[in-house]
Novice: 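Below is the structure I would like to discuss, written out as structure tokens.
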Amino acid sequence: MTIDWAHFTPWMSLGGGILLGIASAVFILINGRILGISGILGGLLAPKTGDFGWRIAFVLGMLAAPITLSLLTPDDFLSAPRIDAGYGLIVIAGLLVGYGTRLGSGCTSGHGVCGLSRLSPRSLVATGIFMAAGFATVFLIRHLL
Amino acid sequence: MTHTTVHRLSEFAVGLLFGLGLLISGMTDPGKVLGFLDLAGAWDPSLALVMGGAIAVGFFAFGSAKKRTTSFLGGALHLPTAKDIDKRLVIGGLLFGAGWGLAGFCPGPGIVTMATGEPKAAVFVAAMIAGMLVFQFTDRKPKS
């Protein structure tokens with residue numbers, strides 16, 4: 001293993017992570033909700049009475065993030081996203097992520113951040129499995145195929 | 001301001017804060033995510049700090065949430081009750097992790113990157129929603 005020092009961003013990543021933690025903390029303590037993106041989206045696709053508005057408000061807030069950040073920071077604050085996958089791979093990835101997160105009841109936010117924060121064994125297992133599958137998939141694509 | 005308005009504004013603010021966290025942390029850059037998942041290549045450890053920073057804050061919040069019965073706004077505290085470690089959890093995790101490793105997007109960063117105007121992220125989100133709908137219409141054991 002070698003460390004990619006050129007792309008390593010310890011302070012931005014730690015700071016961004018702390019913001020994710022604060023958002024999750026505010027959501028459970030003030031709103032009484034788990035901040036899990038796949039669960040919030042999944043509930044929008046099968047709406048129940050009185051269970052729609054909070055999900056929409058949250059997603060609209062997320063959608064407003066890029067424009068807000070660009071108003072608050074200089075143009076070169078973030079480097080442009082590097083998206084190597086072609087459209088075919090992107091579609092397969094999206095289908096797997098959508099189906100898998102609903103079957104497994106959570107993703108990086110719900111299991112990875114909230115679940116581990118509340119010391120849930122179920123979320124620890126889920127996070128271990130999706131991380132391992134992510135490591136294995138990248139190894140397969142970058143080093144075996 | 002009505003009670004509902006306070007709720008909607010706070011939910012919007014939390015979504016905004018979460019989106020900013022994803023952007024600043026580097027989670028919205030698939031190259032960075034794949035750099036973290038590539039243990040055998042040039043490894044970018046940044047995302048370990050994202051998780052560490054988030055959990056360090058979350059740990060105290062959820063510790064205090066577990067002792068409460070209502071939220072600060074007075075509503076129900078929706079803490080998860082499921083405890084089973086079953087086939088659904090394992091297979092769901094495997095499929096999600098494989099998809100995450102293929103393109104470097106998980107659900108939140110996909111949505112935020114779509115909002116930057118990136119067409120590939122929009123296609124990812126459309127496919128992800130399609131995957132969620134396939135699950136919803138084929139699942140024989142609805143959880144709720």
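Letters A, B, ... are given to chains in the order of the sequence lines, protein chains preceding strands, and every chain is numbered from 1.
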Novice: Identify which of B:T28, B:L9, B:L23, B:V90 forms the greatest number of heavy-atom pairs closer than 4.5 Å to chain A.
Specialist: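 Between B:T28, B:L9, B:L23, B:V90, the count favours B:L23.
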
Novice: Checking A:H7 against B:D29 for the side-chain contact (heavy atoms from CB on, under 4.5 Å) test, could you report, in this order, the C-alpha distance in whole Å, the side-chain angles of both residues, the deciding distance, and whether it holds?
Specialist: CA-CA 11 Å; A:H7 289 109; B:D29 178 2; over 6 Å; no

Novice: Would you mind checking which part of B:T116 comes under 4.5 Å of any heavy atom in chain A, side chain (CB onward), backbone (N, CA, C, O), both or neither?
Specialist: both

Novice: Please identify, among A:L19, A:I34, A:T108, A:L20, the residue contributing the most non-hydrogen atom pairs under 4.5 Å to chain B.
Specialist: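 Winner by heavy-atom pair count: A:L20.
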
Novice: Taking all non-hydrogen atoms of both residues, which atom of A:N31 and which atom of B:S10 are closest, and how far apart?
Specialist: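 Heavy atoms of A:N31 and B:S10 come nearest at ND2-OG, 2.8 Å.
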
Novice: Please report the interatomic distance CD1(A:I30) to CZ(B:F72), rounded to the nearest 0.5 Å.
Specialist: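 Nearest 0.5 Å value for the CD1-CZ distance: 6.5 Å.
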
Novice: Within the supplied structure, the quantity of interest is the number of heavy atoms (other residues, nucleotides, ligands) at a distance under 6.0 Å from B:F60 CZ; does it exceed 12?
Specialist: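 No, the 6.0 Å shell around CZ holds no more than 12 heavy atoms from other groups.
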
Novice: What verdict does the side-chain contact (heavy atoms from CB on, under 4.5 Å) test give for B:V14 and A:R33, after you've listed the backbone C-alpha separation in whole Å, the side-chain angles of each residue and the deciding distance to 0.1 Å?
Specialist: CA-CA 11 Å; B:V14 172; A:R33 300 284 182 187; over 6 Å; no

Novice: With chain B, which of A:A25, A:A126, A:C107, A:S123 has the greatest number of heavy-atom pairs at distances under 4.5 Å?
Specialist: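 Highest number of pairs under 4.5 Å: A:C107.
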
Novice: Should A:I56 and B:E11 count as side-chain neighbours, where that means a heavy-atom distance under 4.5 Å?
Specialist: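 When only atoms from C-beta onward are counted, B:E11 and A:I56 do not touch, as no gap falls below 4.5 Å.
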
Novice: Examine distances only and state if a side-chain atom of B:S25 and a backbone atom of A:S13 form a donor-acceptor pair shorter than 3.5 Å.
Specialist: no

Novice: I need the residue from A:A6, A:G36, A:S38, A:G53 with the largest number of non-hydrogen atom pairs under 4.5 Å to chain B.
Specialist: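 It is A:G53.
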
Novice: With only heavy atoms counted, which part of B:R8 is less than 4.5 Å from chain A, the side chain, the backbone, both or neither?
Specialist: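 Answer is both: backbone and side chain atoms of B:R8 are under 4.5 Å from chain A.
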
Novice: Using heavy-atom distances under 4.5 Å, tell me whether B:K32 contacts chain A through its side chain, its backbone, both, or neither.
Specialist: both

Novice: If you define the side chain from C-beta out and look only at heavy atoms, does anything of A:V26 sit under 4.5 Å from B:F18?
Specialist: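 A side-chain contact under 4.5 Å is absent here.
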
Novice: Heavy-atom pairs under 4.5 Å with chain A: which of B:C106, B:A40, B:G19 has the most?
Specialist: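 Ranked by contacts with chain A, first place is B:A40.
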
Novice: Check whether any side-chain heavy atom of A:R102 sits under 4.5 Å from a side-chain heavy atom of B:D139, and report yes or no.
Specialist: no

Novice: Heavy-atom pairs under 4.5 Å with chain A are the metric here; pick the option from B:S64, B:G21, B:A130 that has the most.
Specialist: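 Going by pairs under 4.5 Å, I would pick B:G21.
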
Novice: Anything under 30° is parallel, anything over 60° is perpendicular, the rest tilted; go ahead and classify B:W100 against A:F130.
Specialist: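 The rings of B:W100 and A:F130 stand perpendicular, inter-plane angle above 60°.
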
Novice: At a 4.5 Å cut-off on heavy atoms, which part of A:H143 comes close to chain B: side chain, backbone, both, or neither?
Specialist: side chain

Novice: Do A:R122 side-chain atoms and B:D84 backbone N/O form a donor-acceptor pair below 3.5 Å?
Specialist: yes

Novice: To the closest 0.5 Å, what do you measure between CG (A:L124) and CD1 (B:I85)?
Specialist: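 One finds 8.0 Å between CG of A:L124 and CD1 of B:I85.
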
Novice: To check you understand the geometry: which heavy-atom pair defines the closest contact between A:V97 and B:F105, and what is its length?
Specialist: CG2-O, 3.9 Å

Novice: Measuring from B:F124:CZ to A:L95:CG, what's the distance to the nearest 0.5 Å?
Specialist: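 Going from the CZ atom of B:F124 to the CG atom of A:L95 covers 9.5 Å.
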
Novice: Where on B:L22 is there a heavy atom nearer than 4.5 Å to chain A: the side chain, the backbone, both, or neither?
Specialist: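 Both parts, heavy atoms under 4.5 Å.
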
Novice: A:V113 and B:I55: which non-hydrogen atoms are nearest, and at how many Å?
Specialist: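 That closest heavy-atom pairing would be O-CG1, 4.1 Å.
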
Novice: For B:V112 and A:M62, work out which heavy atoms get closest and say how close.
Specialist: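 Minimum heavy-atom contact is CG2-CE, 3.7 Å.
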
Novice: Counting heavy-atom pairs under 4.5 Å with chain A, which one of B:T4, B:L47, B:L77, B:I129 comes out on top?
Specialist: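 The candidate making the most pairs under 4.5 Å is B:L77.
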
Novice: Tell me whether A:I90 shares a hydrophobic cluster with A:V138, the cluster being built from Ile, Leu, Val, Met, Phe, Trp, Tyr side chains joined at under 4.5 Å.
Specialist: yes

Novice: Please classify the contact between A:I83 and chain B as side chain, backbone, both or neither, with a heavy-atom cut-off of under 4.5 Å.
Specialist: both

Novice: For chain B, which residues from residues 75-82 of chain A lie under 4.5 Å away (heavy-atom distances)?
Specialist: A:F77, A:L78, A:A80, A:P81, A:R82

Novice: Quick check: closest heavy atoms across A:L89 and B:L102, and the distance to 0.1 Å?
Specialist: CD2-O, 3.9 Å

Novice: Under 4.5 Å heavy-atom distance to chain A, tell me which part of B:P80 shows up: side chain, backbone, both or neither.
Specialist: both

Novice: Does B:F36 reach the side chain of A:M131, with side-chain heavy atoms less than 4.5 Å apart?
Specialist: yes

Novice: Relative to chain B, which of A:G110, A:P66, A:G100, A:S70 shows the most heavy atom pairs under 4.5 Å?
Specialist: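 Top count of heavy-atom pairs under 4.5 Å with chain B: A:P66.
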
Novice: Contact part of A:F135 toward chain B, heavy-atom cut-off under 4.5 Å: side chain, backbone, both or neither?
Specialist: both

Novice: Please determine whether residues B:F137 and B:M128 belong to a single hydrophobic cluster, defined as Ile, Leu, Val, Met, Phe, Trp and Tyr linked transitively by side-chain heavy-atom distances below 4.5 Å.
Specialist: yes

Novice: Does any non-hydrogen side-chain atom of A:F27 lie less than 4.5 Å from one of B:L17?
Specialist: no

Novice: Are the side chains of A:F139 and B:L39 in touch, meaning some heavy atoms are under 4.5 Å apart?
Specialist: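 Side chain of A:F139 against side chain of B:L39, heavy atoms only: no contact under 4.5 Å found.
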
Novice: Under 4.5 Å between side-chain heavy atoms, hopping through other hydrophobics if needed: is there a path connecting B:L89 to B:F96?
Specialist: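 The answer is no; the residues belong to distinct hydrophobic clusters.
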
Novice: Under 4.5 Å from any heavy atom of chain B, what part of A:I40 do you find: side chain, backbone, both or neither?
Specialist: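 Contact with chain B is absent: no heavy atom of A:I40 under 4.5 Å.
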
Novice: Among residues 114-121 of chain A, which ones touch chain B with a heavy-atom distance under 4.5 Å?
Specialist: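 Residues in range: A:C114, A:L116, A:S117, A:R118, A:L119, A:P121.
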
Novice: Taking all heavy atoms of B:D44 and all of A:D4, pick out the closest pair and write down the distance.
Specialist: N-CB, 4.1 Å

Novice: Quick one: which of A:L45, A:L14, A:L69 has the most heavy-atom pairs under 4.5 Å with chain B, could you say?
Specialist: A:L45

Novice: Is there a path of hydrophobic side-chain contacts, each under 4.5 Å between heavy atoms, that joins B:L94 and A:L103?
Specialist: no

Novice: B:G104, B:A56, B:A121, B:A61: which one forms the most heavy-atom pairs within less than 4.5 Å of chain A?
Specialist: B:A61

Novice: A:M12 versus B:S46: any side-chain heavy-atom pair under 4.5 Å?
Specialist: no

Novice: For the candidates B:A76, B:G117, B:A54, which exhibits the highest count of non-hydrogen atom pairs separated by less than 4.5 Å from chain A?
Specialist: B:A54

Novice: Flag the pair A:I141 / B:L34 as yes when at least one side-chain heavy-atom distance between them is below 4.5 Å, and no otherwise.
Specialist: no

Novice: Same cluster for B:V125 and A:L44 if Ile/Leu/Val/Met/Phe/Trp/Tyr side chains link at under 4.5 Å?
Specialist: yes

Novice: Of the backbone (N, CA, C, O) and the side chain (C-beta and beyond), which part of B:A65 lies under 4.5 Å from a heavy atom of chain A, both, or neither?
Specialist: both

Novice: I'd like to know whether CD1 of A:I67 has more than 12 heavy-atom contacts from other residues, nucleotides or ligands below 6.0 angstrom.
Specialist: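 No, CD1 of A:I67 has 12 or fewer neighbouring heavy atoms, counting only those of other groups under 6.0 Å.
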
Novice: Can you tell which of A:G104, A:A57, A:S24 has the highest number of heavy-atom pairs within less than 4.5 Å of chain B?
Specialist: A:A57

